[in-house]
Amino acid sequence: MLPVMLLVSILLGLIPLAGIGWIIVTGTITTVDGLFESLIMLSISGVFFLNVFWELRDRGIFGKSKAEPAKQPPPSDES
C-alpha cells in the first residue's frame, strides 16, 4: 500500500510541473495570471514532494533513518 502512495505522490507532484512547462511554452509566464498560476503549481508540487521526502526518510532510503538512536542529553548535576 505504501509504495502505491509514494508513486501517486510523485505523479501528483510532477503534474503541476508539467503545467508550469506549459505556461512557459505558451508564453503566458510574463502575465500576472501566469506568475500566480506558477506559484500555486510550485506550492502544490512542493507539498507532494515533501510527502515523498518524508516517506523516503521514514523508510531509511533518504536522509536519517529511524533506526539511529537519539542522543541522550548528559545527566544534570542538580541536587
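Numbering of residues begins at 1 and proceeds along the displayed sequence. A quick note: this is a predicted structure, and the numbers were derived from the prediction, not measured.
Linking ILVMFWY side-chain heavy atoms closer than 4.5 Å, directly or via other members, places Val32 and Leu35 in two distinct hydrophobic clusters. Under a hydrophobic clustering in which Ile, Leu, Val, Met, Phe, Trp and Tyr are joined whenever their side-chain heavy atoms come within less than 4.5 Å, directly or via other members, Leu42 and Ile23 fall into the same cluster. Using a 4.5 Å cut-off between side-chain heavy atoms of Ile, Leu, Val, Met, Phe, Trp and Tyr, with links allowed through other members, Phe48 and Leu7 fall into different hydrophobic clusters. Cluster membership check: Ile15 shares its hydrophobic cluster with Val4, using side-chain heavy-atom separations under 4.5 Å among Ile, Leu, Val, Met, Phe, Trp and Tyr. At a threshold of 4.5 Å between side-chain heavy atoms, the hydrophobic network of Ile, Leu, Val, Met, Phe, Trp and Tyr places Phe36 and Met41 in two separate groups.
With values rounded to the nearest 0.5 angstrom, Thr31 atom OG1 is found 7.5 Å from Glu37 atom CD. Rounded to the nearest 0.5 Å, atoms CG (Leu12) and CG (Leu17) are 11.5 Å apart. How far CD1 of Ile24 is from CD1 of Ile20: 7.0 Å, rounded to the nearest 0.5 Å. Rounded to the nearest 0.5 angstrom, Asn51 CG and Leu56 CG are separated by 9.5 Å.
Counting heavy atoms from C-beta outward, Leu14 and Phe49 have side chains that approach closer than 4.5 Å.
Across all non-hydrogen atoms, the minimal contact from Pro16 to Ile44 is CG-CG2, 3.7 Å. Taking every heavy atom of both residues into account, Ile29 and Gly34 meet most closely at CD1-O, 4.1 Å.
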side-chain contact (heavy atoms from CB on, under 4.5 Å) evaluation trace for Thr28 with Asp33: CA-CA 8 Å; Thr28 59; Asp33 287 342; over 6 Å; no

